[in-house]
Amino acid sequence: MEPQIWLMKSEPEVYSIENLKRDKKTWWEGVRNYQARNFMTQKMKVGDLILFYHSNAEPSGVAGLARVCGEASPDKTQFDKASEYFDPKSTPQKPNWFCVQVKFEKVFPSFVPLTTLKTDPRLQELLVIKRGQRLSIQTVRLSEAQHICRLGGLEDLR
DNA sequence: GCCAACGTTGGC
DNA sequence: GCCAACGTTGGC
């Protein structure tokens with residue numbers, strides 16, 4: 001089966017693609033939305049490609065590529081009282097929240113700002129440009145991902 | 001900083 | 001189960 005392609009949002013002030021480049025890989029901790037969690041536990045597979053999106057940024061937009069490198073496992077921040085992601089309802093026996101592991105692939109030679117996504121006629125179905133679309137993990141069509149990569153200065157997805 | 005949109009919580 | 005109140009997201 002073809003690998004699925006995802007768009008994952010992160011606020012660059014919290015964790016940017018440059019942070020991922022430095023770290024090589026990371027657990028995608030802190031997701032506290034059931035739909036996004038279900039994508040990670042039920043749909044995301046090792047090898048899936050990720051468009052790394054900078055949200056709440058100046059400018060917001062797609063900054064580069066990453067890839068799923070570890071399947072969903074319990075998000076350890078839910079058990080950590082000192083963490084802002086602590087969830088008192090979670091126990092190690094019955095965790096509420098999971099996260100996949102993500103590895104760095106590429107920083108786009110040219111950043112693709114949200115304004116470009118919004119005005120491109122080929123990307124009008126892209127979820128991230130829709131008003132009120134807050135989900136932090138979204139699916140992206142192969143044709144859309146390929147087009148975004150070209151806008152970002154890459155020949156293709158690889 | 002504002003605020004629209006959306007998700008979650010909790011009283012009933 | 002309904003829904004008002006509240007909290008969060010995220011563009012602008």
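Owing to the predicted nature of the structure, the values given are computational and were not obtained by experimental measurement. Just so we're on the same page: letters track the sequence lines, and every chain starts at 1.
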**Q** Among all residues two or more places apart in sequence or in another chain, which pass the side chain to side chain contact (heavy atoms under 4.5 Å, CB included) test with A:D23?
**A**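 Once residues adjacent in sequence are excluded, the partners of A:D23 under the side chain to side chain contact (heavy atoms under 4.5 Å, CB included) criterion are A:Y15.
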**Q** Which pairs, with at least one residue in residues 108-119 of chain A and sequence neighbours excluded, count as a side-chain hydrogen bond (donor to acceptor under 3.5 Å, both in side chains)?
**A** none
**Q** Please list residues of residues 8-19 of chain A whose heavy atoms come under 4.0 Å from any atom in DNA chain B, ordered by number; otherwise none.
**A** none
**Q** Can you hop from A:L7 to A:L65 via hydrophobic side chains spaced under 4.5 Å?
**A** yes
**Q** Quick one: pull up CZ in A:F104 and NZ in A:K25 and give me the separation to the nearest 0.5 Å.
**A** 15.0 Å
**Q** Of all heavy-atom pairs between A:C99 and A:W28, which one has the smallest distance, and what is that distance?
**A**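 For A:C99 and A:W28, the tightest heavy-atom pair comes out as CB-O, 3.1 Å.
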**Q** Taking side chain to side chain contact (heavy atoms under 4.5 Å, CB included) as the test, write out the residues that go with A:S73, two or more places apart.
**A**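 Result, side chain to side chain contact (heavy atoms under 4.5 Å, CB included) vs A:S73: A:W27.
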**Q** Does anything in residues 120-135 of chain A come within less than 4.0 Å of DNA chain B? Heavy atoms only, and list the residues if so.
**A**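 The stretch gives A:R131, A:G132, A:R134 as the residues lying under 4.0 Å from the strand, ordered by number.
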**Q** Any salt bridge between A:D75 and A:R32, counting N to O under 4.0 Å?
**A**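 A salt bridge links A:D75 with A:R32.
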**Q** Please enumerate all residues that pass side chain to side chain donor-acceptor pair (under 3.5 Å) together with A:N56, with sequence neighbours excluded.
**A**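 Expected list: A:E11.
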**Q** Among side-chain atoms of A:T77 and A:D80, is any donor-acceptor pair under 3.5 angstrom?
**A** no
**Q** Would you work out how much the helix from B:dG1-C:dC12 to B:dC12-C:dG1 bends between its ends, with each end axis defined by five base pairs, to 10 degrees?
**A**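 The end axes of the helix from B:dG1-C:dC12 to B:dC12-C:dG1 are about 10° apart, to the nearest 10°.
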**Q** For A:N56 and for A:R32, locate the closest nucleotide of DNA chain B by heavy-atom distance; then report the residue assigned to the nucleotide nearer the 5' terminus.
**A** A:N56
**Q** Tracing side-chain links under 4.5 Å among I, L, V, M, F, W and Y, which residues wind up in one group with A:Y34?
**A** A:W97
**Q** 5' to 3' on DNA chain C, which nucleotides open and close the contacts with chain A (atom under 4.0 Å from a heavy atom)?
**A**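 Answer, 5' to 3': C:dG7 to C:dC12.
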**Q** Which atom names give the shortest non-hydrogen contact between A:L123 and A:I129, and what distance separates them?
**A**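 In this case the closest contact between A:L123 and A:I129 is O-CD1, 3.4 Å.
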**Q** I need the full list of side-chain hydrogen bond (donor to acceptor under 3.5 Å, both in side chains) pairs touching residues 128-142 of chain A, with sequence neighbours left out, sorted by first then second residue.
**A** none
**Q** For A:K76, check side chain to side chain donor-acceptor pair (under 3.5 Å) against everything at least two apart and list the hits.
**A** A:E29
**Q** For the atom pair NZ (A:K43) and CG (A:D48), what is the distance rounded to the nearest 0.5 Å?
**A**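 Rounded to the nearest 0.5 Å, the NZ-CG separation comes out at 11.5 Å.
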**Q** Using a strict heavy-atom distance below 4.0 Å, which residues from residues 82-101 of chain A are in contact with DNA chain B?
**A**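 Of all residues in residues 82-101 of chain A, the ones placing a heavy atom under 4.0 Å from DNA chain B are A:K89.
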**Q** Looking at A:P121 and A:Q124, what are the two nearest heavy atoms and their distance?
**A**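 For A:P121 and A:Q124, the tightest heavy-atom pair comes out as O-CG, 3.7 Å.
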